[in-house]
Amino acid sequence: MAFITANWNPLGEAFYRKIELYEMGWSLRDGLKECLVAAAPYGGPIALLRQPQRPSSSARPQLEIYSSSGANMASFPWKSGPVRQLGWTVCDDLLCIQEDGTVLIYDLFGAFKRHFSMGNEVVQNQVLEAKVFHSPYGTGVAIVTGASRFTLATNIDDLKLRRLPEVPGLQGAPSCWAVLTQDRQTKVLLANRADLYILDNTSCTPVTPPGLSLQSCSIVNMAVSFSYKYLALFTDSGHLWMGSANLKDKLSEVDTKVRTPPKQMVWCRRPKSQQPSVVIMWDRLLLVAGECTDTIQYTLDEESVCVAELDGVRIVGGSRHELLQEVPSACQDIFKIASMAPGALLLEAHKEYEKSSQKADEYLREIKEQSVLGEAVRQCVEAAGYEHEPETQKTLLRAASFGKCFLSNYPPEPFVSMCRDLKVLNSVREYTVGIPLTHTQYKQMTVQVLIDRLVYRKLYPLAIEICRYLKTPEYQGVSRVLKHWACCKVQQKEEPDESIAHAVSVKLGEAAGISYSEIAARAYECGRTELAIKLLEFEPRSGEQVPLLLKMKRSQLALSKAIESGDTDLVYTVVTYLKNEMNRGDFFMTLRNQPVALSLYRQFCKHQEQDTLKDLFNQDDDHQELGNFYVKASYKEKKLEARLSLLQSAVDEYNKAKNEFAAKATEEEMKLLRFQRRLDEEMGEALLGLSLQETLHALLTSNFHKQAEQLYRDFRVPDKSDLEGAAEAAIERRSEGEISTVLSRCSPTTDRALLERLNRARSTAAKK
Amino acid sequence: MSAHLSYGRVNLNILREAARKELREFLDKCAGSKAIVWDEYLTGPFGLIAQYSLLKEHEVEKMFTLKGGRLPAADVKNIIFFVRPRLELMDIIAENISEKNGRPPQMHSPRDFHILFVPRRSMLCEQRLKEQGVLGSFINIDEYILDLIPYDGDLLSMESEGAFRECYLESDQTSLYHTAKGLMTLQALYGTIPQIFGKGECARHVANMMLRMKREFAGSQTQILPVFDSLLLLDRNIDLLTPLATQLTYEGLIDEVYGITNGYAKLPPEKFAAQKKQGEVGKDLPTEPKKMQLNSAEELYAEIRDKNFNAIGAALSKKAKIISAAFEERHNAKTVGEIKQFVSQLPHMQAARSSLANHTSIAELIKDITTSEAFFDNLTVEQEFMTGVDTDKVNTYIEDCIAQKDPLIKILRLVCMQSVCNNGLKQKILDYYKREILQTYGYEHMLTLNNLEKTGLLKPQTSTRNNYPTIRKTLKLWMEDANEQNPNDISYVYSGYAPLSIRLTQVLARPGWRSIEEVLKMLPGPHFEERQQLPAGLHKKRQQGENRTTLVFFLGGVTYAEVAALRFLSQMEDGGTEYIIATTKLINGTSWIKSLMDRPEAP
């Protein structure tokens, strides 16, 4: 324990510490000399582009990708053009920016993904310098060309190139420059000797940092903090100016007494920092400068690279990987020599307790007297999160747990979640995984993203283990990991379709909420259509299968899947697709085998395409429906002749359908229509459209008894037998309507007596 | 306004609130003032979810009905179309917003267009909009999932008029898909339903889709203690008889005589004139029909709606006595405190009195009809058919009705009923009826007759054996001594006839369907039972004497009388089961037959 503060260095009020994260697993002959290096923040991967040993025209540079612990992940000779800059995207893809402005994108394992260009103009003028930056919009790229013009792309996934205005008086590359995001706008800050400019979409504005004392000096290096809030400038007189990035406030100015331009300069801050500071690196020297006039100096024994982090700076060298950070206040309180902070006392009490010494009680009493036990526990838990060594973490957590025993009502969540977080963090910091995340970074990036990163590294078992341990809901945890695994699996070209499909189904079988269609889509992208179809079979959501099947031109299968889903809209979609795709004959045949689709299509035709409907019935020899179709059509027809001919077609169809009744009824209808027309023409009646009974009634009331009689005969209107009975009933009931009905059924020749009675009864009823 | 939804065994207000929330969220997505263009069909169902006031709160300033031509002028930022996913409606929308349509340029500030599909988005429709070249004009294309609408405290309806016709006549199972989706929504809010029973092809189809969807949503399940113990899915076509019969409950008769749509009945104004006039003397008689909302929010209505109409008189007079007794109380009120208490009860008493007056008027209106000879004759024939008297002969009453040219739907109801009760009619008899109908009402009705034959409502006898009597006897569909005043059996709702669908429900609860296997085989379609696995820890521990809750879903419609019968079963002391009812649409014989007609009535 006594050694915890051994690597602490004071800087003003604060302390800084440098912790070794890894001894690098790589074996680089010349260290990082002659290398283009890019290391991603949040403990991300490291890419190196090593220049060939002996420069010759045939020798190619070597591109290598390592984890933060130096484990090799990819290595291949660079066969493209000369590279200016390397960088990492937020989703762990490597960007290689070439001299000609082409940006090539590789994944973690060196597989080429795609490329894009920074504009035509660049091809001629070449890229002088480039930077990769991150903003809320994603990963961006900025370049400055040989013509001293800047071009920006704020998000490489949604590429929109913006050429920034010209900078007056700038020749070649600026002395130094940086990209910053302010007010939701991405800008470039650049220095041309002593002049400082801000470059945005429309203008180039000269600016002066407040209180920069030596105006005449030229600015040779600048650094923007991780959060884009702070800016540091380094002048050739060896002065370091620190202030806010909007150039409104000055924080401090330090004379470093080193006049050589630094190799690299980065901010070293942490959330709730006691004092902001900047790490400046020269060939053999690393210097930390803050608000006070003091500085901390470390000697560097090897070529190194600094990586800015949210809460410190990582220093990657040929043999070591270190973290330099301000000591968090919780740790300071506990570990500072002779500290009397509650946490420090609790830690001491616990130590005595382990030794079975009664001093434990004394310490505890002291804490309790000040009633700061809760605070003590909180400090220990917090400090545990900042410590890198599992042993120290354990000691602090044990002390916290000990202190908790003497508190009632202390909420358990912070302690429990810290234990969980540390377990996850320790497992990813593991040498073989090589993600040296701090607790602060972990909380910032979230578990979801950490899982994603593990998945990108194909560390599926660990990812699943973590999901299970944290009890992440299946569909955003385990299932998501398995889906990625499967997507990766389907790309293994050497394995046969059968075994991949089997392996995938076995592993994913029970997992909830897996989207097989996404995996299948990936397989299809890799040109493995058969595999894609096999995988789609596992997709429980038929609806999801359909679009991909259509894309793969498996329209028949798509149709049966759509039907299976029960979603009629989906069926319609496929049917419409098939209709445009196939010739009519095949289309009808396909539908014939799918009754559900057929009846839906019929519905569609009924409202939209009457003629197709007829064709459909024709092809199925559905004479009954054809008959109905003609009948229906006849009512839409105004001209009688056309109407009759449609009805005749209906009769033919009904006959073919062996529906005698319908055929006969339709014939009768035609007969009636003709009769009505004749009478309308001859007698000027308006009978057309009336029913048979109505016609009879109309005839009888207009005294066309002969014609009525003929109708009775022609249509063999039944039930004359009980005519008398009906008449009696009607008369008895004295209902005018009823009497008229019976009247209409009487024949003037045979039922003369009855007619008279009825007529008499009707007139009395009418009077009433 | 919606409190009556939460009084029942299952708080259906949760469903309504969920629907309202979704509506609000959509409206807020379109910032600024809005006008809504309604697919007219939707206004009724929406009325059950949200009143105009809710829309107004969210800056809806104007409302129009969707129709061809140009959109009416409205000075609003957003125009929102609320439509069903129908192609013909898409064409109208396209016409509405098309630039070519001679809209004076720059007369309005630029407006944003949105579409809200109810109940579901449709690729087909979007495709059509694309073909019409207007798809790009829409800022938002969204769906508003409105499947099951809370209709009353124990009643859910999809308000989908065409469901029966689509399923059984046109083999279009869209409404079944919506049903399954609706049941999934219901389960998301009220927990997984552990047991599913069903009878009929459509029921099977819905259950299959539900099980499939459950697999699809696996993993994203909500951890809710199940409210429903079981679900019973019933096809309408296993019981074609019940809707054909004239309903004899109070609510059923209001529906038969005046029709209830979306919970509202339109009544002839004459009887209600007197009350209205009290304040405003000298006004003319109101000519607009009186629109009345009918649901359990009205205390008196909740009490009497399910009674047999013959028991209504007594119930109303009892109520009248209670109310007048309550008003008499004022004479007993001596102290200031007592008077104050009496006054505080006044609003409630006055509401009760006006409610009583309304229902007395309605009861009088209906009584005029039920006491008529025609009604009695019709009912006698219906009951003869249901008891199996002379169903194999041409019925003279039907003949007479045709001769008198009674409304065609009445004839069709009777003929279909005879056919159903006789398990089909002899070809000769069937042809006779058909010819009579064609000759009297016109040959165009051949298509309607054809539809009725396709759905099995009207059919030629194929086997000599008529199994209806067996079904009737086994399930006790006819109870000779139905007690209308103090019912002891569900048969009171049709004064003797116990609805087959409800008997099946009753038998399922006790003693179980195994006891009636024979009868189930005679009815069309398969019967089945499925179990849905519950997440661990959600198994309900039943208290001693606690009732089971069953959701009964009628695919293709349910009548008010059937609903009344289920409510009666829920209230039976030793019933052991409480029922919540869901359906595609509340129907009666008239609306049902009408939905199956082609070229209904005059062109």
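No experiment lies behind these values; they were computed from the predicted model shown. Lettering of chains follows the sequences in order, A, B, ..., and the numbering in each one begins at 1.
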Peer 1: Any Lys/Arg nitrogen of A/E625 or B/K454 sitting under 4.0 Å from an Asp/Glu carboxylate oxygen of the other?
Peer 2: yes
Peer 1: Pairing donors with acceptors under 3.5 angstrom, does anything connect the side chains of A/Q603 and B/E170?
Peer 2: yes
Peer 1: In Å and rounded to the nearest 0.5 Å, what is the OH to CG distance from A/Y572 to B/L87?
Peer 2: 8.0 Å
Peer 1: Quick check on B/K434 against chain A: is it the side chain, the backbone, both or neither that has a heavy atom closer than 4.5 Å?
Peer 2: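 Answer is both: backbone and side chain atoms of B/K434 are under 4.5 Å from chain A.
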Peer 1: Side chain, backbone, both or neither: which part of A/Y654 has a non-hydrogen atom closer than 4.5 Å to chain B?
Peer 2: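 Contact with chain B: side chain only.
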Peer 1: With respect to chain A, which residue among B/M446, B/E166, B/H178, B/M209 yields the maximal number of heavy-atom pairs within a distance under 4.5 Å?
Peer 2: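 Sorted descending by pairs with chain A, the first entry is B/M446.
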Peer 1: Using non-hydrogen atoms and a 4.5 Å limit, figure out which bit of B/R86 sits close to chain A: side chain, backbone, both or neither.
Peer 2: neither
Peer 1: Counting only heavy atoms not in B/F376, do more than 12 fall under 6.0 Å of its CZ?
Peer 2: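 Atom CZ in B/F376 is not packed in, count stays at 12 or less.
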Peer 1: Pick from A/A662, A/G689, A/A665: which one has the most heavy-atom pairs with chain B under 4.5 Å?
Peer 2: A/A665
Peer 1: In terms of heavy-atom pairs under 4.5 Å, which option from B/R121, B/H205, B/K405, B/Q127 contacts chain A the most?
Peer 2: B/K405
Peer 1: How long is the gap from CZ on A/F604 to CG on B/D172, to the nearest 0.5 Å?
Peer 2: 13.0 Å
Peer 1: Would the distance check show the side chain of A/D569 and the main-chain N or O of B/M123 forming a donor-acceptor pair, the cut-off being under 3.5 Å?
Peer 2: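 Here the side-chain-to-backbone pair exists.
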Peer 1: Indicate yes or no: does B/R212 engage A/E564 in a salt bridge with an N to O separation below 4.0 Å.
Peer 2: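 Salt bridge: yes.
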Peer 1: Once rounded to the nearest 0.5 Å, what's the spacing between atom CD of B/Q173 and atom OG of A/S599?
Peer 2: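 Rounded to the nearest 0.5 Å, the CD-OG separation comes to 7.0 Å.
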Peer 1: Between A/E668 and chain B, with a heavy-atom cut-off of 4.5 Å, which part of the residue counts as in contact: side chain, backbone, both or neither?
Peer 2: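 Both backbone and side chain of A/E668 come within 4.5 Å of chain B.
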Peer 1: Between B/L176, B/T174, B/L449, which has the largest tally of heavy atom pairs under 4.5 Å with chain A?
Peer 2: B/T174
Peer 1: Using a 3.5 Å distance criterion without hydrogens, assess whether the side chain of B/Y441 forms a donor-acceptor pair with backbone atoms of A/S691.
Peer 2: no
Peer 1: What closest approach, in Å, do B/L124 and A/T573 show between heavy atoms, and which atom pair accounts for it?
Peer 2: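 Answer, listing the atom of B/L124 first, then A/T573: N-OG1, 4.3 Å.
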Peer 1: Could you give the distance from CZ (B/R120) to OG1 (A/T568), rounded to the nearest 0.5 Å?
Peer 2: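 Rounded to the nearest 0.5 Å, the CZ-OG1 separation comes out at 9.5 Å.
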Peer 1: With a 4.5 angstrom heavy-atom cut-off, which part of A/S565 approaches chain B: side chain, backbone, both or neither?
Peer 2: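 When you check distances to chain B, only backbone atoms of A/S565 fall under 4.5 Å.
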Peer 1: Atom CG of B/D431 and atom NZ of A/K664: how far apart are they, to the nearest 0.5 Å?
Peer 2: 8.5 Å
Peer 1: Do you know which two heavy atoms are closest between A/F715 and B/Q439, and how far apart they sit?
Peer 2: O-NE2, 3.9 Å
Peer 1: So how far is it from B/N450 CG to A/F661 CZ, rounded to the nearest 0.5 Å?
Peer 2: 11.0 Å
Peer 1: Counting only non-hydrogen atoms closer than 4.5 Å, does A/L598 touch chain B with its backbone (N, CA, C, O), its side chain (CB onward), both, or neither?
Peer 2: neither
